[in-house]
Peer 1: 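This is the structure I have questions about; it appears just below.
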Amino acid sequence: MPMSGTYGSVSDEDGIATIHRALDIGINLLDTADVYGLGHNEVLVGRAIRDRRDQVVLATKFGILRDSTDGGGGFDGRPEYVRAACERSLQRLGVDHIDLYQQHRVDPATPIEETIGALKELVEEGKIRYIGMSEALAPDLRRAAAVHPISSLQSEYSLLERSVEGEVLDTCAELGIGFLPFSPLCRGLLAGSLTPTTELEPDDYRTGDRFPRVGPDHREANARLAQVVAAVAAAHGATPSQAALAWLLTRKPWIVPIPGTKRTAYVVDNAGAPNLELTNEDLERLDRLADGTQGDRYGTGAALPNWVSPPLDR
């Protein structure tokens with residue numbers, strides 16, 4: 001997502017170089033979505049893996065709508081939309097199948113059984129290999145899994161965001177669903193790349209009130225929590241990003257964080273997280289941080305930022 005303008009500008013060449021570096025050092029899961037950069041991100045990923053498809057577990061998402069002409073938006077999980085969205089993604093990515101196809105948000109107007117039924121047909125046709133969901137709750141997961149096995153759930157999870165603990169993660173464990181934490185570095189805050197004095201580009205989505213925890217009202221308070229992460233990391237000769245990701249890796253063996261970046265150096269840094277062994281004292285210290293988190297996860301317009309995924313008439 002950061003490679004398509006959400007966190008400021010970046011060239012396609014730099015984005016592709018970052019993806020190639022990730023593949024070179026053994027990272028093989030690439031996660032994108034049809035709404036990132038109006039489809040730009042899927043095209044970018046497709047270009048990057050054109051000669052390296054066999055090295056990649058390719059994941060993308062569908063289901064968030066945004067109409068740039070009138071500011072409207074919403075979700076679409078209707079079977080006809082699922083099929084059309086998949087065909088568009090295959091074309092943009094330049095591939096004949098998607099490894100992990102994820103419903104970006106549950107559509108409250110469409111029974112989940114119908115959406116998963118359509119995805120099941122795509123599996124049977126060989127256009128997708130596995131089905132995933134994003135930001136789904138436990139009841140959604142159970143209803144979906146009754147139609148077809150769900151391979152993964154993608155939701156926000158980090159030292160400062162723990163709401164999936166309990167029912168959601170317990171359901172994943174029960175049903176054999178892997179978990180992909182997005183924003184595991186709290187949009188750069190836990191990495192130390194976003195500080196109270198960081199000057200953001202005007203089109204950076206972290207400006208304004210989209211993401212209150214890193215917005216002007218709460219960034220300073222939450223940055224103080226990030227300093228604790230930095231201190232734990234420094235004691236091991238590690239970086240803050242590595243400490244925050246290493247904490248997530250201790251939670252469950254089937255949890256795979258997906259930190260987003262547009263910089264090669266950050267990819268290399270993040271890849272060192274599995275090598276960091278946190279002590280019990282470290283874990284206890286880090287576990288307490290969420291109690292001090294200030295601000296909501298999302299603010300006005302954040303769940304539906306100004307991305308476009310062409311809707312179908314209902």
Peer 1: Counting only heavy atoms not in Q91 (residues, nucleotides, ligands), do more than 12 fall under 6.0 Å from its CD?
Peer 2: no

Peer 1: With a 6.0 Å cut-off on the ring centroids, do Y101 and Y130 count as close?
Peer 2: no

Peer 1: Check this for me, if you would: do D99 and R53 make a salt bridge, where the nitrogen-to-carboxylate-oxygen distance has to be below 4.0 angstrom?
Peer 2: yes

Peer 1: Mind jotting down which residue pairs meet the salt bridge (Lys or Arg N to Asp or Glu O under 4.0 Å) criterion with at least one end in residues 144-156? Sequence neighbours excluded, please.
Peer 2: E156-R187, E156-R297

Peer 1: Under a 3.5 Å cutoff, is there a donor and acceptor pairing between the side chains of S89 and D34?
Peer 2: no

Peer 1: Between the side chains of D296 and H218, does any donor sit under 3.5 Å from an acceptor?
Peer 2: no

Peer 1: Does a side chain donor of either Q154 or Q102 reach within less than 3.5 Å of an acceptor in the other side chain?
Peer 2: yes

Peer 1: Could you note down all residue pairs passing ring-ring contact (aromatic ring centres under 6.0 Å, His included) where residues 248-291 supplies at least one of them, sequence neighbours left out?
Peer 2: none

Peer 1: Going by atom types only, do T60 and E42 share a side-chain donor-acceptor pair under 3.5 Å?
Peer 2: yes

Peer 1: Side chains of R251 and Y157: any donor to acceptor distance under 3.5 Å?
Peer 2: yes

Peer 1: We want to know whether Q242 and N275 form a side-chain donor-acceptor pair, criterion being a heavy-atom distance below 3.5 angstrom.
Peer 2: no

Peer 1: Decide, yes or no, whether a salt bridge links R263 with D14 under the criterion of side-chain N to carboxylate O below 4.0 Å.
Peer 2: no

Peer 1: Between S134 and H104, do the side chains contain an N or O donor and an N or O acceptor separated by less than 3.5 Å?
Peer 2: no

Peer 1: Is the shortest distance from a Lys or Arg side-chain nitrogen in E87 or K127 to a carboxylate oxygen in the other one below 4.0 Å?
Peer 2: yes

Peer 1: Are D24 and R52 ion-paired here, with the side-chain N under 4.0 Å from a carboxylate O?
Peer 2: yes

